[in-house]
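Chain letters run A, B, ... following the sequence lines, proteins first and then strands; every chain starts at 1.
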Amino acid sequence: MHIIENGNVAAALGVKLCHVNVIAAYPITPQTPLTEKLSEYVESGEMKAEYIPVESEHSALAVCIAASSAGARSFTATSANGLLYMHEQVQWAAGARLPIVMCVVNRAVGAPWNVWNDQQDSISQRDTGWIQIYCSDHQQIIDSVIKAYWLAEKVSIPIMVCYDGYILSHTYMPFDVPNQEQVDAFLPPFKPDYALNTEEPANLNTVTLPDVRMNVRGELAHGYMEIRYLLHEEMRTALVVALECEKQFAEIFGRGSNPYIEPYLCDDAEHIAVGLGSLTYQMRVSVDALRKEGIKVGVIGVRFYRPFPDAAIANALKGKKGVIVFEKALSYGYEGALASDLKSALYEHLAGTGDLPMVQNFILGIGGRDIRTEDLTQTLRAATKDRISQEPVWIGLKL
Amino acid sequence: MNKEFIEIRWHGRGGQGAITAAKIVAGAAFVSGYPGVVMAPSFGTERRGAPVMTSLKISKRKIYDLSPIETPDIIVVLDHLLLAEADVTHGLKPGGIIVLNTPKDFESYNFKDYRFATADVTAISVEAGLPHGMVNTGIIGSLERAINLVGMDILIKGIEEEFRTRKPEKNSLAAKIAFERTVAGG
Amino acid sequence: MGTRNYRRKTSHSEHGPGDGGRTGSWRVERPVLDKSLCIPCKRNTEACFICWLFCPDVVISRTIPPKIDLEYCKGCGICAEECPTKAITMVDEAQFSDEDKDKE
């Protein structure tokens with residue numbers, strides 16, 4: 001059923017359809033309407049869940065960790081400084097292998113204070129062991145929340161579903177809301193291998209030694225390093241599991257193909273623009289304009305940022321003349337994180353082959369600075385002619 | 001006005017309901033053969049009374065560009081006092097249309113390169129039985145009079161659906177009266 | 001206020017009306033002072049001034065009587081809430097006619 005609503009409502013509907021048991025969240029612009037919508041669903045009885053209003057984001061994720069450990073399907077959402085506030089728990093949830101799904105409504109981080117969109121918040125959590133999926137429109141938001149629970153519970157790794165604050169969260173557009181029967185056919189109930197219970201009491205994530213140790217059953221129990229290795233290894237395997245997720249989703253809902261990247265006009269392109277989120281859809285307009293000028297350019301929206309789909313990306317960019325990475329975040333002191341990861345993937349797969357494209361990095365939209373389609377088009381046009389700089393170039397700066 | 005792709009910018013005050021009005025028009029456009037609709041409120045800190053903007057893009061194809069409208073086809077102004085406070089005609093295409101809620105006569109305005117449509121939506125809304133200041137449904141009638149986009153039937157349906165628990169008939173009546181009384185030209 | 005270099009590298013703002021434009025037009029209610037209840041007015045001394053202290057926008061002057069700058073006052077009502085003698089009341093802005101407003 002098609003409705004016209006904003007991105008936050010799309011996310012809330014996804015959470016409702018997944019029969020989430022526990023929601024713990026603290027409001028922060030631009031996520032607030034999402035949690036408010038969920039509280040309305042719980043209050044009206046439309047959703048049978050425990051909604052726990054907490055006093056901080058750190059507690060929000062702590063509650064989800066506890067709930068998930070007890071076998072409850074759990075959800076939280078946040079943005080910017082809220083995400084940063086829960087950072088300790090973000091690391092914890094991944095190491096604890098809990099299939100929590102969290103929506104990150106992308107917003108710039110302080111200082112200085114700023115409520116508008118960029119992606120520094122989720123990008124800064126890149127290395128935590130959470131799976132990260134980026135959405136480009138409302139259909140992807142609702143679909144990704146549903147897919148996220150399927151995937152998270154299959155691989156026991158928490159997932160951040162990220163979407164641009166304001167640009168997607170507060171903007172209204174049409175999207176299809178799957179019906180409950182379809183979602184129930186796709187997503188089975190949450191059945192963890194172990195959930196806290198009084199019959200089998202246990203100590204979870206207590207001090208874990210550098211070395212392996214003998215446990216009470218006489219078995220060799222993993223040391224810290226093994227536990228952490230398995231998180232990484234199973235994140236890499238999740239790339240394959242995601243294919244199965246996408247396949248099953250497509251069978252039931254009739255949409256979906258490539259879980260890792262969303263390419264547009266890339267087959268015969270000589271240059272490819274790359275980005276995360278709604279920006280990549282805006283770039284399609286620039287690509288269309290440049291194609292009319294005879295410039296062979298395409299765009300790839302990266303959907304899975306972590307685990308990084310290095311093979312898929314290298315394969316899509318193989319033999320191209322140039323790759324132009326646009327980012328709304330960066331690793332301060334060096335360059336855009338996506339550009340770095342992408343270059344590393346290209347090097348791994350294509351170094352020495354002659355198929356290695358030149359990469360350029362552009363930083364834009366920081367703190368919600370407007371991104372004019374005309375500026376994108378101009379930058380893309382210039383970048384296809386010449387490498388503008390080895391350093392990241394900031395677009396739209398007004399020094 | 002190119003009926004394949006239309007950009008409408010709404011100027012109102014926080015709490016006046018510009019977003020709801022734009023949403024109703026978006027919904028009406030969607031069911032009238034415009035699969036691409038995108039409606040974005042002004043992003044940022046909000047408070048009652050402060051000038052706000054909402055942008056509405058309507059297209060015969062899916063809209064991928066969510067960036068702010070730069071050259072609107074139509075401007076809708078929910079409160080004539082905003083003309084003094086915000087540059088409401090900024091970027092308006094030559095020959096573009098301004099839809100204005102004002103107690104002043106059509107003749108007292110002179111927007112040189114633009115067409116315009118005026119109505120005292122504030123008074124009309126009160127006449128329709130709504131509280132003073134609730135102009136967001138009436139203004140939809142003025143807009144439709146000015147651009148003749150989807151037909152009043154669909155808009156009335158959309159208004160009564162959106163306001164089904166809040167005086168639906170009075171709200172749709174405001175739109176109907178505004179549609180009749182809006183003076184357009186220029 | 002910091003050196004020019006500091007103010008350039010950091011996001012540093014100072015109090016004063018005007019940063020948000022003519023915010024007086026945002027008002028839905030305006031504060032009206034009853035001097036017969038106002039402590040500094042009645043005693044003709046510099047006393048109280050809690051309205052000045054609490055105004056988040058610094059648009060009330062520390063004078064006898066306190067003067068509210070209606071060009072910028074947003075009508076938040078904090079002064080009325082905090083005034084210990086309830087000398088300030090919030091009055092519907094619509095009661096003040098458009099002509100009055102145009103004159104301001």
Side-chain angles (χ1 to χ4, degrees), chain A residues 2-9 29-30 32-33 105 107-108 113-117 136-139 163-176 262 264-265 277-289 299 301 364-365 367-377 396, chain B residues 4-5 7-10 14 17-47 50 52-71 90-91 150 154-155 157-159 161-162 165:
Chain A
H2 271 87
I3 62 170
I4 297 179
E5 263 297 349
N6 63 43
N8 277 334
V9 171
T29 301
T32 312
V105 189
R107 163 183 149 178
W113 202 243
N114 178 296
V115 300
W116 293 270
N117 165 253
S136 295
D137 69 6
H138 297 11
Q139 193 66 66
Y163 57 95
D164 292 306
Y166 284 128
I167 299 173
L168 292 180
S169 68
H170 282 59
T171 296
Y172 291 73
M173 65 171 86
F175 59 95
D176 176 62
E262 199 177 356
Y264 176 70
L265 298 185
S278 62
L279 178 60
T280 61
Y281 272 12
Q282 186 182 2
M283 295 204 289
R284 291 188 179 202
V285 180
S286 297
V287 162
D288 285 343
V299 59
L364 73 176
R369 176 68 48 96
D370 275 342
I371 299 173
R372 300 178 61 238
T373 305
E374 186 47 46
D375 292 343
L376 268 182
T377 309
Chain B
E4 302 291 306
F5 182 63
E7 294 183 298
I8 308 174
R9 196 171 64 215
W10 308 64
I19 293 180
T20 307
K23 193 173 160 209
I24 292 169
V25 175
F30 183 66
V31 301
S32 305
Y34 287 95
V37 294
V38 167
M39 193 270 282
S42 12
F43 300 149
T45 51
E46 297 158 30
R47 64 150 280 159
V52 294
M53 238 171 38
T54 300
S55 78
L56 173 60
K57 299 183 189 181
I58 296 173
S59 169
K60 291 270 163 106
R61 303 194 301 160
K62 179 177 156 102
I63 296 173
Y64 288 94
D65 186 347
L66 305 181
S67 65
I69 294 175
E70 299 200 4
T71 54
H90 181 75
V150 293
I154 295 185
L155 289 166
K157 201 151 165 270
I159 291 172
E161 173 58 31
E162 177 69 32
T165 54

Exercise for the section: Take B/L56 and A/Y172 through the side chain to side chain contact (heavy atoms under 4.5 Å, CB included) test and state the conclusion after the steps. Expected result: CA-CA 9 Å; B/L56 173 60; A/Y172 291 73; over 6 Å; no
Once you round to the nearest 0.5 Å, how far does [atom1] of [X] lie from [atom2] of [Y]?
X      : Y      : atom1 : atom2 : result
B/E70  : A/D370 : CD    : CG    : 8.0 Å
B/D65  : A/R372 : CG    : CZ    : 11.0 Å
A/Q282 : B/Y64  : CD    : OH    : 14.0 Å
B/L66  : A/M173 : CG    : CE    : 4.5 Å

Exercise for the section: Test A/Y281 against B/K62 for side chain to side chain contact (heavy atoms under 4.5 Å, CB included), laying out the working first. Expected result: CA-CA 11 Å; A/Y281 272 12; B/K62 179 177 156 102; 4.0 Å; yes
Completion exercise
Nearest heavy-atom contact between A/T171 and B/F43 is OG1-CZ, 3.6 Å
Exercise for the section: Measure across B/P35 and A/P174 and return the closest heavy-atom pair with its distance rounded to 0.1 Å. Expected result: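 Closest approach of B/P35 to A/P174: O-CG, 3.7 Å.
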What part of [X] is in contact with chain B, defined as an atom under 4.5 angstrom from a non-hydrogen atom: side chain, backbone, both or neither?
X      : value
A/L168 : side chain
A/E5   : side chain
A/D137 : side chain

Practice task
For the pair B/S67 and A/I371, evaluate side chain to side chain contact (heavy atoms under 4.5 Å, CB included) and give the outcome as yes or no after the intermediate values.
Solution key: CA-CA 7 Å; B/S67 65; A/I371 299 173; 5.8 Å; no
Handout entry: Atom NE2 of A/H2 with >12 non-hydrogen neighbours under 6.0 angstrom
Key = yes
Practice task
Select, from B/A22, B/P41, B/A26, B/G27, the one with the greatest count of heavy-atom pairs under 4.5 Å involving chain A.
Solution key: B/P41
